Amino acid sequence: MKRAPTLHDRPHTDDAVTDALRRQGYARYSAADLGLEAAAHRTDLAEIEDVYAALPLDPYAPHSNRFRRYSHAVYLPWTGQLSFTPGAPDPTYGTVTEYWQDEHNPEFPDVRRRLPDLPTTLHGNALLQRLIHTDLTHAMWLEDLQRTPVYVGVHLLKLAVHASAETAVSSPDCLHQDGGSPATFTFAHFIGSTNIHGGENAIATPESAGRRPDDVPDSAVHARFTLDDPLDGYVVHDHRVSHYVGPVSLGDGTGPGERRILIIGLAPYGPRL
């Protein structure tokens with residue numbers, strides 16, 4: 001039987017990303033920092049983009065111009081095995097997976113939302129697999145993740161507008177934390193955008209959660225930036241910072257506007273017995 005790859009077999013990643021994450025609780029990175037070239041993954045990226053093209057509206061906010069799919073996977077650090085978990089049957093979406101941010105999302109406090117799953121055809125996408133395993137290499141320095149199954153949340157999000165009067169907003173529309181374990185990490189990988197204004201990211205102190213970046217002192221904001229190049233992104237060690245993405249509006253070009261982002265969340269599975 002072929003041996004499952006372990007963490008030591010994973011693709012090389014830039015130690016500077018891990019060092020920054022450990023030191024300050026967040027890090028920005030380019031595709032090159034992750035050992036990736038978008039051109040080398042053109043086919044896999046096109047498959048992911050095809051899923052974005054047909055993303056369903058957020059069922060909990062149908063007027064937000066927000067579209068999404070979400071699935072869980074489980075990673076075993078001692079064997080290197082990664083398996084997507086099956087969703088629950090749903091008459092509208094085929095299957096759905098529970099998404100819960102406890103009280104950390106002021107728009108849906110302690111609500112267990114059930115979101116449309118990723119299509120199973122995407123589970124084996126080589127680029128998606130590479131991103132998950134690369135993210136794991138940047139988080140596994142934390143001992144809490146080394147001796148327990150690791151929960152992996154894979155979230156496809158699109159903000160899309162078609163008219164100048166429209167805006168598309170993320171949830172929540174404020175600086176926030178994702179909640180859960182102190183060993184929670186959130187990685188954001190930019191997929192692409194067309195004809196938009198806005199979509200600025202911000203990283204701030206945890207005490208800034210619940211407010212927008214313009215409403216907190218400049219000293220509380222660690223970084224403000226806009227993602228522009230495919231597969232560039234950032235990571236936050238959730239309990240040490242808060243994070244935010246601003247609304248998107250239609251740009252000055254022709255056609256609709258879109259911002260597409262892939263979020264990978266990592267956290268230890270907790271005992272339930």
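These numbers come from the heavy atoms of this one structure, side chains and all, not from hydrogens, waters or symmetry mates. These numbers were taken from a predicted model, which means no experiment stands behind them.
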Exercise. Walk me through it: do Val74 and Thr85 pass the test side-chain contact (heavy atoms from CB on, under 4.5 Å)?
Key: CA-CA 7 Å; Val74 179; Thr85 62; 3.8 Å; yes
Practice problem: Evaluate the criterion side-chain contact (heavy atoms from CB on, under 4.5 Å) for residue pair Tyr75 and His133; output intermediate values, then yes/no. | Solution: CA-CA 9 Å; Tyr75 173 73; His133 289 303; 4.2 Å; yes
Quiz item: Checking salt bridge (charged side-chain N to carboxylate O under 4.0 Å, His left out) for the pair Asp214/Arg224: CA distance, chi angles, key distance, verdict?
Solution: CA-CA 11 Å; Asp214 290 341; Arg224 300 180 75 150; 3.0 Å; yes
Exercise. Report the C-alpha separation of Ser208 and Thr205 in whole Å, then their side-chain angles, then the decisive distance to 0.1 Å, and conclude whether the side-chain hydrogen bond (donor to acceptor under 3.5 Å, both in side chains) test is met.
Key: CA-CA 5 Å; Ser208 300; Thr205 61; 2.8 Å; yes
Self-check item: Chi angles and distances behind the side-chain contact (heavy atoms from CB on, under 4.5 Å) call for Leu231, Leu34
Solution: CA-CA 9 Å; Leu231 305 183; Leu34 303 183; over 6 Å; no
Quiz item: Given Arg212 and Asp173, is the salt bridge (charged side-chain N to carboxylate O under 4.0 Å, His left out) satisfied, shown in steps?
Solution: CA-CA 8 Å; Arg212 293 189 176 94; Asp173 186 21; 2.8 Å; yes
Self-check item: Stepwise side-chain contact (heavy atoms from CB on, under 4.5 Å) check, Val248 with His197
Solution: CA-CA 6 Å; Val248 161; His197 291 306; over 6 Å; no
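Annotation: side chain of Arg69 is in contact with side chain of Pro56 (closest heavy-atom distance under 4.5 Å). Between Phe185 and Leu145 the shortest side-chain heavy-atom distance falls below 4.5 Å. Looking only at side-chain heavy atoms (C-beta outward), Leu131 and Ile264 come within less than 4.5 Å of each other. Counting only heavy atoms from C-beta outward, the side chains of Val150 and Leu136 approach each other to under 4.5 Å. Side-chain contact between Leu227 and Arg259: present, with at least one pair of heavy atoms (C-beta onward) separated by less than 4.5 Å. Counting only heavy atoms from C-beta outward, the side chains of Tyr70 and Val154 never approach each other to under 4.5 Å. Between Trp78 and Pro149, some side-chain heavy-atom pair lies under the 4.5 Å cut-off. Tyr234 has its side chain within reach of Phe225: a pair of non-hydrogen atoms, C-beta onward, lies under 4.5 Å apart.
Atom CZ of residue Arg114 and atom OG1 of residue Thr97 lie 9.0 Å apart, to the nearest 0.5 angstrom. Between the NE2 atom in His176 and the OG atom in Ser242 there is a gap of 8.5 Å [rounded to 0.5 Å]. Distance check, rounded to the nearest 0.5 Å: OG1 of Thr134 to CZ of Arg130 gives 5.0 Å. If you take CG on Leu142 and NE2 on His138, they are separated by 15.0 Å, rounding to the nearest 0.5 Å. To the nearest 0.5 Å, atom CZ of residue Arg23 and atom OG1 of residue Thr18 are 11.5 Å apart. Between the CZ atom of Arg22 and the CG atom of Asp15 there is a distance of 10.0 Å, given to the nearest 0.5 Å.
Side-chain N/O atoms of Thr186 and Asp178 include a donor and acceptor closer than 3.5 Å. No side-chain N or O of Glu166 forms a donor-acceptor pair with one of Ser164 less than 3.5 Å apart. Side-chain contact of Ser71 with Asp117: a donor-acceptor pair under 3.5 Å is present, judged by distance alone.
In this structure, the side chain of Asp238 engages the main chain of Gly179 through a donor-acceptor pair within 3.5 Å. Between the His237 side chain and the Leu21 main chain, no donor and acceptor come within less than 3.5 Å of each other. Formation of a donor-acceptor pair under 3.5 Å by the Tyr52 side chain with backbone atoms of Glu47 is not found in this model. Without hydrogens or angle criteria, Thr148 side chain to Tyr269 main chain gives a donor-acceptor distance under 3.5 Å. The main-chain N or O of Val169 is found under 3.5 Å from a side-chain atom of Arg66 such that the two form a donor-acceptor pair.
Nearest heavy-atom pair, Ser30 versus Asp232, reported as atom, atom and distance to 0.1 Å: CA-OD1, 3.2 Å. Minimum heavy-atom separation, Asn195 to Gly255: ND2-O, 2.7 Å. Scanning all heavy atoms of the two residues, the minimum distance from Leu159 to Ala168 falls at CB-CB, 3.6 Å. When all heavy atoms of Ile191 and Pro230 are compared, the closest pair comes out as O-CB, 3.9 Å. Here the shortest heavy-atom pairing between Ser249 and Thr167 reads CB-CG2, 4.5 Å. Here the closest non-hydrogen pair linking Gln146 and Pro77 is O-CB, 3.9 Å.
Placement of Val152 and Leu127 within a single hydrophobic cluster is found when ILVMFWY residues are connected by side-chain heavy-atom separations under 4.5 Å, directly or transitively. Hydrophobic clustering places Ile203 together with Phe190 (ILVMFWY residues linked when any side-chain heavy atoms are closer than 4.5 Å, directly or through intermediates). There is a path of hydrophobic side-chain contacts, each under 4.5 Å, that joins Leu262 to Ile132. Taking hydrophobic clusters as Ile, Leu, Val, Met, Phe, Trp and Tyr residues chained together by side-chain heavy-atom distances below 4.5 Å, Leu156 shares a cluster with Leu82. A continuous path of hydrophobic side-chain contacts links Val235 to Met140 [ILVMFWY only; heavy atoms under 4.5 Å].
Ion pairing between Lys158 and Glu258 holds under the 4.0 Å rule for side-chain N and carboxylate O.
Using the six-membered ring where Trp is involved, Phe187 and His189 have ring planes that are parallel, under 30° apart on the 30 and 60° scheme.
Glu37 pairs by the salt bridge (Lys or Arg N to Asp or Glu O under 4.0 Å) definition with nothing, not counting sequence neighbours. For Leu57, the side-chain contact (heavy atoms from CB on, under 4.5 Å) partners are Phe67, not counting sequence neighbours.
Side-chain heavy-atom separations under 4.5 angstrom define the hydrophobic clusters, and the remaining members of the one that includes Val96 are Tyr93.
Considering Asn125, Leu128, Ile48, Thr95 in turn, Leu128 is the only one that fulfils the side-chain contact (heavy atoms from CB on, under 4.5 Å) rule with Leu118.
For His155 and Tyr99, the ring centers are positioned less than 6.0 Å apart. Side-chain rings of His72 and Phe84 stay apart, their centers remaining 6.0 Å or farther from each other.
A cation-pi arrangement, defined by a distance under 6.0 Å to the six-membered ring centre and an angle within 45 degrees of its axis, is absent between Arg240 and Tyr26.
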